[in-house]
Amino acid sequence: MLEDKSFNYNVNKVLERRFFSRRSTVVAKDLIGKILVRRLSGEVYLRGIIVETEAYGGLKDPASHAYGGMTKRNEAMFGEAGFSYVYFTYGFHHCLNVVTGKIGDAQAVLLRALEPIQGLDIMRKFRRDKCSDLNLTNGPGKICEALNIDRSLNKVDVAKSASSIFLEQASNDEVGRIDERRKIVSSTRIGITVGLEKRWRFYDPSSIYVSHRSKLNLPRKRIR
DNA sequence: TAAAAGATCCGCT
DNA sequence: GCGGATCTTTTAA
């Protein structure tokens, strides 16, 4: 059965274009505590609180896909802020980014982990019932599998609630649980071999939904 | 043709 | 719980 809250959901305040047209490091940090929404056909919504992101710095960042200039794959990164950049990697997985900065900057923020809050039954199905709820969306590839995101959702305008992917503020009853853990921490980025001097990974250290928790020596149970 | 912004399974504690 | 091998294909050289 589908969860009731997947339907009849009133969209919160959607993040505007100007939110995204800042530096990727700033946007990455500000996205912690915001909500990623995936709208499926039939007005069904899957939602999760963003608890982990990574900033990528464009042409001058050796860890970025945009390093070395525009290609067929990274084209979206060179476009307008507030659009999605979805890529396929390691033969299996998709990853979701949001383009930031000015046109041509090729900056982006990778969404790495969510706390799932709405539509969990559907997310479990997309994940083929192979994991616990804790592991539904605690990694960039897992987010895309749980929310059924692939390259067909590249270059989607995530600053519009009519889109199949968009970003919004938390609602009033959700604000409380987010403000409590508003302490954001940075670290080096994960899965890269260059650019390791930058601490451009941002996360909420109190969230149990952050990826690679054991390696970070973080508590595995919720702190309250 | 080799490396990649990853996740899972397997064998060990 | 933990590390490492393995899965697989797009991308760019």
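On a predicted model such as this, the values are computed, not experimentally measured, just so you know. Proteins get letters first, then strands, A, B, ... in listed order; numbering begins at 1 in each.
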J.: Expressed in angstrom and rounded to an integer, what is the separation of A/Glu52 atom CD from B/dA5 atom C1'?
T.: 12 Å
J.: Indicate whether OP1 or OP2 belonging to B/dA3 is found under 4.0 Å from a side-chain N or O atom of A/Thr193.
T.: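 No, outside the criterion.
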J.: Any salt bridge linking A/Arg22 with A/Asp30? Criterion: basic side-chain nitrogen under 4.0 Å from a carboxylate oxygen.
T.: yes
J.: Taking OP1 and OP2 of C/dT10, is either one under 4.0 Å from a side-chain nitrogen or oxygen of A/Thr89?
T.: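 Answer no for this pair, as no side-chain N or O of A/Thr89 is under 4.0 Å from OP1 or OP2.
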J.: What is the nucleic acid contact for A/Arg128, judged by heavy atoms within less than 4.0 Å: base, sugar-phosphate only, or nothing?
T.: nothing
J.: Figure out the OH/P separation between A/Tyr56 and B/dA4, and round it to whole Å.
T.: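 Those two atoms, OH and P, are 12 Å apart.
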J.: Identify whether A/Tyr203 and A/Leu134 are in the same connected component of the hydrophobic contact network (ILVMFWY, side-chain heavy atoms under 4.5 Å).
T.: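 Yes, one cluster joins them.
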J.: Remember a base hit wins even if backbone is also touched, and classify A/Gly141 as base, sugar-phosphate or nothing at under 4.0 Å, heavy atoms.
T.: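 If one applies the 4.0 Å heavy-atom cut-off, A/Gly141 turns out to touch the sugar-phosphate alone, with no base involved.
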J.: Is the NZ atom of A/Lys130 crowded by more than 12 outside heavy atoms at less than 6.0 Å?
T.: yes
J.: Quickly work out the A/Phe88 CZ to B/dA3 C1' distance and round it to whole Å.
T.: 15 Å
J.: Tell me: CE of A/Met77 to P of B/dA5, nearest whole Å?
T.: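 It works out to 11 Å between those atoms.
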J.: Counting any heavy atom closer than 4.0 Å, what does A/Asn135 reach on the DNA or RNA strands: base, sugar-phosphate only, or nothing?
T.: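 No contact.
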J.: Would you mind reading off the distance between A/Glu145 atom CD and C/dT8 atom C1', rounded to a whole angstrom?
T.: 14 Å
J.: Could you tell me whether A/Arg39 sits above the aromatic face of A/Tyr9, with NZ or CZ closer than 6.0 angstrom to the six-membered ring centre and within 45 degrees of the axis?
T.: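 The answer is no; the distance or angle limit is not met.
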J.: Treating Ile, Leu, Val, Met, Phe, Trp and Tyr as nodes and any side-chain heavy-atom pair under 4.5 angstrom as an edge, say whether A/Leu36 and A/Phe126 lie in one connected cluster.
T.: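 Yes; A/Phe126 is reachable from A/Leu36 via cluster members.
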J.: Counting only side-chain nitrogens and oxygens, does A/Lys142 get under 4.0 Å of the OP1 or OP2 atom of B/dT8?
T.: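 Yes, because at least one side-chain N or O of A/Lys142 sits under 4.0 Å from OP1 or OP2 of B/dT8.
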J.: Taking atom C1' of C/dG1 as reference, at what distance in whole Å does atom CG of A/Leu134 sit?
T.: 13 Å
J.: Taking NZ from A/Lys130 and C1' from B/dT8, how many angstroms apart are they, rounded to a whole number?
T.: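 Nearest whole value for this atom pair: 8 Å.
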J.: Kindly check if the number of other-residue, nucleotide or ligand heavy atoms within 6.0 Å of CZ (A/Arg23) is above 12?
T.: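 Result for CZ/A/Arg23: open.
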J.: Give A/Arg189 one of three labels, base, sugar-phosphate or nothing, depending on what nucleic acid heavy atoms sit under 4.0 Å from its own.
T.: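 No contact.
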J.: Round to the nearest Å and state the distance from A/His93 atom NE2 to B/dC9 atom P.
T.: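 Whole-Å distance recorded here is 11 Å.
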J.: Donor-acceptor pair under 3.5 Å: do we get one between A/Tyr87's side chain and the base of B/dA5?
T.: yes
J.: Applying a 4.0 Å non-hydrogen cut-off, can you work out what A/Ile192 is touching in the nucleic acid: base, sugar-phosphate, or nothing?
T.: sugar-phosphate
J.: Treating a pair as Watson-Crick (purine N1 to pyrimidine N3 plus N6-O4 or O6-N4) or G-U wobble (N1-O2 and O6-N3) with both distances under 3.5 Å, list the stems of 3 or more consecutive pairs that involve DNA chain C.
T.: B:1-4 with C:9-12, B:6-12 with C:1-7
J.: What's the closest nucleotide to the A/Arg127 side chain, out of B/dG6, C/dT10, B/dT8?
T.: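 Nearest to the side chain of A/Arg127 among the choices is B/dT8.
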J.: Would you check if A/Arg201 and A/Ser211 make a side-chain contact, meaning some heavy-atom pair closer than 4.5 Å?
T.: yes
